[in-house]
Amino acid sequence: ISLQKSEENLNVLNKLISEMLVLPDLKSIYKFIAESLQKRYTDTVIAFISIDELKNKIRVEFISGLKSGLISKIIKISGFNLVGKEYTLIPKFNKYFRSGDFVEFNGDLTEYSSKEFPALAARTIEKLIGLHKMYTIGINKEEDLLAAIQFFTFNEKVISDKSFIESFAQQAGLVIQKKITEEKLQQNEAKHSSMISNISDVIGIIGADGLMKYKSSNIEKWFGWQPQDLIGTDGFSNVHSDDLERIQKKFSTVLEKENSSLTFEFRYKCKDGSYKPIELTAKNLNSDPIINGVLLNYKDITERKLSEEKLQKNQYYLLKAQEIGSIGTWELDIQKNSLKWTDENYKIFGVPLGTEMTYERFLNCIHPDDRGFVNEKWSAGLRNEPYDIEHRLIVDDKVKWVREKADIEFDSEGKPIMAIGFAQDITDRKKAETQLQRMQKLLDDTNSLAHVGGWEIDIETQDLTWTKEVFTIHEVDDDF
């Protein structure tokens, strides 16, 4: 009879574990355990409790065997629903749970529920269900305490099926641990998938044979492809034909040395047939047992390329404007005495492009007769006076004229820290002014010799203009 009983228990146990293994999640397993045991042990309320030893907390996950009317009364008496509530893990019970033994608890429900459950509510519940015996068993997997099952009997019910319950708890521990691992893996995969789908970098793996082994799911967002469209295909099929040879050489270079990596740009074909510029980093991880190939990390750089093109155009327009207007710009870090010139500034001053400049080297470019004047005006500028001057340079043994203007930045203490300005070649203007002055002098001298004066009147404004000789003829001063 005993042997037959053992065989029956084994069959029941195998059936329960088999059914438990196909359940979709932990909540379903907790409910299944409580309901299955309650069916086996009538006149018993079964509570399944999950345990978090790190937080020192237990949580009532499911209760089976209480009628809905009785549950409503318990909620009304206690002020809360027992299911879903957390309690502190009492050391005494932790010891019971850890043992893995099916043990009877001789205290009352008040002691069992600790101080977190009102004593009056606990005693009332005992009367409502006619509590007779309380049993408990922990569900462990190796060093991990996972859960516990509580048995509350009534109608004089006594549970003596210790061997079956302990075997069941051991097998349930294996199933629960397996499901915990699966759910953590699913959560990690969901996190990974969510992160990948929300980043701009596409991840890929290409084998040494050039075939694609993996593409992250976010490739659809950026390039329109589904991963399955590309896995198993030629990894170079989406490279623009004009870039293909260069990219294949880069790939061969990466394959030459383990852990070597290269970053490069090329045009990548989208599913709709268009091409986008991408920046790709390839790293040789052929010896890595998981990757076993070249890890690719790439992203769409269309916006960056457009910005670069716009910047290049703006720089081109600026350089052309400076060249046409013979205007160079400069920036001086006053604290570091570091002077930066644009190309046009170098041309104006006749200094080789790229020459490292300082304020002193700038002064050496100035005509010797103007250096004192320029230095004096610059010193005044450092005292927050305007710096807008004209002076001469000596370039290739020739005199040039420039106009310089600067804005000087000061710190909170009033110390000059930075200056930015421009220099404009005004040599032609100065020559024109000199020529005009000469012509005016010649005209004045000619009029004086001939004793002839000239005048002009603006009919609208009635402004009258006389030549110098007219003033002499009328014997009046120039300011008349």
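Just so you know, these numbers come straight off a predicted model, no measurement behind them.
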Could you tell me whether the side chain of [Y] reaches within less than 4.5 Å of the side chain of [X], counting heavy atoms only?
{"X": "Ile176", "Y": "Ile139", "value": "yes"}
{"X": "Met418", "Y": "Gln335", "value": "no"}
{"X": "Glu404", "Y": "Phe362", "value": "yes"}
{"X": "Val103", "Y": "Thr136", "value": "yes"}
{"X": "Asn337", "Y": "Leu332", "value": "yes"}
{"X": "Val402", "Y": "Ile348", "value": "yes"}
{"X": "Leu262", "Y": "Phe251", "value": "no"}
{"X": "Leu255", "Y": "Val294", "value": "yes"}

What closest approach, in Å, do [X] and [Y] show between heavy atoms, and which atom pair accounts for it?
{"X": "Thr358", "Y": "Leu339", "result": "O-CD2, 3.7 Å"}
{"X": "Ile334", "Y": "Ile408", "result": "CD1-CG2, 4.1 Å"}
{"X": "Trp401", "Y": "Asp425", "result": "O-OD1, 3.3 Å"}
{"X": "Ile63", "Y": "Leu66", "result": "CG2-CD1, 3.8 Å"}
{"X": "Ile137", "Y": "Ala169", "result": "CD1-CB, 3.6 Å"}
{"X": "Tyr387", "Y": "Lys377", "result": "CD1-O, 3.7 Å"}

Look at the side chain of [X] and the backbone N and O of [Y], then say whether any donor-acceptor pair between them is shorter than 3.5 Å.
{"X": "Thr427", "Y": "Lys400", "result": "no"}
{"X": "Ser216", "Y": "Val202", "result": "no"}
{"X": "Asn218", "Y": "Lys221", "result": "no"}
{"X": "Glu183", "Y": "Leu26", "result": "yes"}
{"X": "Asp52", "Y": "Leu54", "result": "yes"}
{"X": "Lys179", "Y": "Leu23", "result": "yes"}
{"X": "Thr355", "Y": "Val351", "result": "no"}
{"X": "Ser36", "Y": "Phe32", "result": "yes"}

Taking only residues two or more places apart in sequence or in another chain, which ones pass side chain to side chain contact (heavy atoms under 4.5 Å, CB included) with [X]?
{"X": "Leu353", "value": "Asp343, Tyr346"}
{"X": "Pro368", "value": "Arg371, Ile394"}
{"X": "Lys213", "value": "Ile205, Asn292"}
{"X": "Glu61", "value": "Lys27, Tyr30, Phe48, Ser50, Arg59"}

Counting neighbours of [atom1] on [X] that are heavy atoms of other residues, nucleotides or ligands and sit closer than 6.0 Å, is the number greater than 12?
{"X": "Asp407", "atom1": "CG", "result": "no"}
{"X": "Ile290", "atom1": "CD1", "result": "no"}
{"X": "Lys92", "atom1": "NZ", "result": "yes"}
{"X": "Gln228", "atom1": "CD", "result": "yes"}

**OP:** Answer yes when Glu19 and Lys15 have at least one side-chain N-carboxylate O distance shorter than 4.0 Å, and no when they do not.
**Re:** yes
Original post:
Are Lys305 and Glu309 within salt-bridge range, i.e. N to O under 4.0 Å?
Top reply: no
Let me confirm one number: the [atom1]-[atom2] distance from [X] to [Y], rounded to the nearest 0.5 Å.
{"X": "Tyr275", "Y": "Tyr268", "atom1": "OH", "atom2": "OH", "answer": "10.5 Å"}
{"X": "Asn9", "Y": "Asn14", "atom1": "CG", "atom2": "CG", "answer": "11.0 Å"}
{"X": "Cys365", "Y": "Leu363", "atom1": "SG", "atom2": "CG", "answer": "9.0 Å"}
{"X": "Trp222", "Y": "Ile278", "atom1": "CH2", "atom2": "CD1", "answer": "13.5 Å"}
{"X": "Ile165", "Y": "Leu13", "atom1": "CD1", "atom2": "CG", "answer": "11.5 Å"}
{"X": "Asn94", "Y": "Ile51", "atom1": "CG", "atom2": "CD1", "answer": "7.0 Å"}

Original post:
Which of parallel (below 30°), tilted (30 to 60°) and perpendicular (above 60°) describes Trp378 and Trp330?
Top reply: perpendicular
Can you list every salt bridge (Lys or Arg N to Asp or Glu O under 4.0 Å) pair that touches [range], not counting sequence neighbours?
{"range": "residues 272-281", "answer": "Lys276-Asp300, Glu279-Arg304"}
{"range": "residues 239-263", "answer": "Asp243-Arg246, Asp243-Arg267, Glu245-Lys249"}
{"range": "residues 380-399", "answer": "Asp370-Arg392, Asp388-Arg403, Glu390-Arg429, Glu390-Lys430"}

Original post:
Passes side chain to side chain contact (heavy atoms under 4.5 Å, CB included), Leu393 versus Val399? Steps please.
Top reply: CA-CA 6 Å; Leu393 308 174; Val399 175; over 6 Å; no
With sequence neighbours left out, what residues match [X] under salt bridge (Lys or Arg N to Asp or Glu O under 4.0 Å)?
{"X": "Lys415", "answer": "Glu413"}
{"X": "Lys39", "answer": "none"}
{"X": "Lys271", "answer": "Asp229"}

Original post:
Could you go step by step and tell me if Leu295 and Ile206 meet the side chain to side chain contact (heavy atoms under 4.5 Å, CB included) rule?
Top reply: CA-CA 7 Å; Leu295 181 65; Ile206 184 171; over 6 Å; no
Only distances under 3.5 Å count here; give the side-chain donor-acceptor pairs of residues 140-148 to other protein atoms, sequence neighbours excluded, each with its distance to 0.1 Å.
from: Asn140; atom 1: ND2; to: Phe97; atom 2: O; distance (Å): 2.9

Original post:
Honestly, is Arg40 close enough over Phe164, meaning NZ or CZ under 6.0 Å from the six-membered ring centre and within 45° of the axis?
Top reply: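 Output yes; distance and angle both within limits.
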Original post:
Honestly, is Lys85 close enough over Tyr87, meaning NZ or CZ under 6.0 Å from the six-membered ring centre and within 45° of the axis?
Top reply: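 Relative to the ring axis of Tyr87, which defines the angle, Lys85 lies inside both limits.
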**OP:** Report the residues that fulfil side-chain hydrogen bond (donor to acceptor under 3.5 Å, both in side chains) with Lys299, sequence neighbours left out, ordered by chain and then residue number.
**Re:**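 Expected list: none.
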Subject >> Ser28 and Asp25 side chains, donor-acceptor separation under 3.5 Å >> reply: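 Judged by distance alone, the side chains do pair up.
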Original post:
So Ile46 and Ile149, side chain to side chain contact (heavy atoms under 4.5 Å, CB included) or not? Walk me through it.
Top reply: CA-CA 7 Å; Ile46 305 292; Ile149 308 170; 3.7 Å; yes
